[in-house]
Amino acid sequence: MIQIKDLHKSYKMGKNSLHVLKGINFNVEEGELVAIMGSSGSGKSTLLNILGMLDSSDSGEYILDNVPIKDLNETKAARYRNKFLGFVFQSFNLINYKSAAENVALPLYYQKVPRKERQEKALKYLEQVGLKEWAGHLPSELSGGQKQRVAIARALAAEPKVLLADEPTGALDSKTSYEVMDLIQKINDAGNTILIVTHEPDIADMCKRIVHLKDGVIIEDKKIEQVRAEQYV
Amino acid sequence: MFNRDRWKEILEVLSSNVFRTLATSFGVGWGIFILIILLAAGKGLENGIRADFGDIATNTMFMWSRNTTISYKGLPKGRRFSFKLEDVQAINDKVPNLRFISPRNQLGGFGSGNNVVRGLKTGAFNVYGDYPEIIRQEPMTITSGRFVNQNDIEDKRKIAVIGDGVQNELYDQGETVIGTYIKIQGVNFMVVGTYQKKDSGGGEEGQKEIYVPFTAFSQAFNMGNDVGWMAITANDGSSISELKEKIVGVVKENRKIHPDDKRAVGYFDLYEQFNRVESLFGALRWVAYFVGVLVLLSGIIGVSNIMLIVIKERTKEIGIRRALGEAPWSIKKQILMESIFLTIISGMIGIIFGAAFIYGVNAVLDSVGPVDMFINPSVSLGVVVSALVILIFSGLLAGFIPAQSAIKIRPIEALRTE
């Protein structure tokens, strides 16, 4: 699903250049649930941004679902993001003047899905995350866990190839974190490819594979026995 | 354009901070308001001055003879001459695009003694020998009977058309006028019609005139072929100002006047005067647009500023939308539409208030009676349409910079602002 070869990225800070990614190589197969771990400054967020086409690499190859991702202009990047990727953010990033259902329907709107179908699909995904009754509520009326579940529904709505989650549980208490992880695991069970950036070991343990980053290189890449979140819920 | 979700969003955004939206729209509304008021005031002045010109055919010149100042072909300078009827024919033959050439003769005039008698009553009036066309050049309303016609000219009938003022002085109240006789310098003329002139600056004087057929006038008062002066009107679409040199040239040739003798033929170009006033109106209109558009511009800058702030506020939201796959041009379109919508709505409000204001001014003008040189200030549909075009254009202008800065926001930077 994802192939990355010799990925480099550096940021210019005035005269100094900060080399963040120093040659990353890894592949993700379809249906995997990968945790990307590392301390802050290890380059994990940069890697996710490049995977999410929110940022571009300096050199190296990135192939997503057999499509080489390179020389993107903003319009093309927006189309690829819409078609291939679903995002889940630490701070939920819901649009606060739109209801839960409208938020979920947003990526479909950009795909020019007809209004009625959009609403039906939004309700379907809200139901999947267990928030059908909250469809008409604004984000400000939802709890943190509920917000994140709406965000997950939104990420799923466009039926992306890969789900990218940046610290999805970073702003949640442990109980809600496990609920969200339970949801993510179930979505993964249904065959979706998911990448999670986290620095919490217990969250990483709930994935199927852990990639450890340090100072811009992968120092460890191992498959693990998944801990089911269900038991903590 | 007619996308339900897009419009819903525009309304949501604009109504999210009602006070700010209102304050912003005030600037644009005010600008259009000023523009409309200025244009209407200019129009009012124009209407007032045009009313002073009345229905007079403005594309007209008047021409009269004076003394020559250069000797020519053996004729001395200082010679007194008179136009002849042949000159009228010559002008008609040689100068194209003329509508009317009216030779005129005149008796009486300012300060002359009594020249008209009816029974025991006498009066001093201007008496004109005229062709029927003069009524098209100096419009008057026939209040009873008729005006001079072609048969009168051909038969040299001694008939007269008299003004209201003449009637008041020579007749008693309620007396029959048509069919009676008046004596003009000892010659009897039958009154066949009465007229009234619109007040056009002449005041009472304009009503104290008597019109008789040119030919009868010449015969009765021994004018022979002489023509006192001429009123010449050009066709619509050609200007008398351009033709006058040629006309004067023809007359000079006929009357054996030195071509360089500038003072022998006197003329007054009404069209030139009228054009001068016209160009004043043009300048007024230009000033109105200039000032109005400048005021509007400050409103537009206000809108632009607010849109920039809105975008700053929505940086994160725009980042999210970009991450979810909204194309840059779609965001740009959204911002532009918000800006155009805001300008048009506030502009319309300005137009409505401007129209109401003009309506109020008209009502006041109507109730206090006519004001000198200011009649019916108004704006035409054309002005409203051009105001709308200006608004759409300014909306685009106001939204352009903010929209540009909105699509410059890179999603990753937008999402980083926690």
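Below, all heavy atoms of this structure are taken into account, side chains as well, without hydrogens, waters or symmetry copies. The sequence lines fix the lettering, A, B, ..., with proteins before strands; numbering per chain opens at 1.
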Interface moiety of K98(A) toward chain B, non-hydrogen atoms closer than 4.5 Å = side chain

What are the two closest heavy atoms between P328(B) and T75(A), and how far apart are they?
-> CD-CA, 3.7 Å

Around F353(B), counting heavy atoms of other residues, nucleotides and ligands shown, do more than 12 lie under 6.0 Å from its CZ?
-> no

When you look at CD of E30(A), are more than 12 heavy atoms from neighbouring residues, nucleotides or ligands closer to it than 6.0 Å?
-> no

Of R79(A), K76(A), R81(A), K83(A), the largest count of non-hydrogen pairs under 4.5 angstrom with chain B goes to R81(A)

Mark yes when over 12 heavy atoms from residues, nucleotides or ligands other than F400(B) sit less than 6.0 Å from its CZ; otherwise mark no.
-> no

About how many Å separate CZ of R154(A) and CD1 of I320(B), when rounded to the nearest 0.5 Å?
-> 6.0 Å

CD of E12(B) to CD of E102(A), rounded to nearest 0.5 Å, is 6.0 Å

Does the side chain of R314(B) come within less than 4.5 Å of I95(A)'s, by heavy atoms?
-> no

Contact class of Y80(A) relative to chain B, heavy atoms under 4.5 angstrom = neither

Toward chain A, the part of E326(B) with a non-hydrogen atom under 4.5 Å = both

Is it the side chain or the backbone of L85(A) that comes within 4.5 Å of chain B heavy atoms, both, or neither?
-> neither

Which heavy atom of G325(B) sits nearest a heavy atom of N82(A), and at what distance?
-> CA-CB, 3.7 Å

Nearest-0.5 Å distance that lies between atom CG in N93(A) and atom CD in E317(B) = 11.0 Å

Rounded to the nearest 0.5 Å, how far apart are OH of Y109(A) and CZ of R6(B)?
-> 4.5 Å

Rounded to the nearest 0.5 Å, how far does CG of L324(B) lie from CZ of F87(A)?
-> 8.0 Å

Residue L138(A) excluded, over 12 heavy atoms near CG under 6.0 Å = yes

Got a sec: does the CZ of F26(A) have more than 12 other heavy atoms crowding it under 6.0 Å?
-> yes

Close side-chain approach of W329(B) and E74(A), heavy atoms under 4.5 Å = no

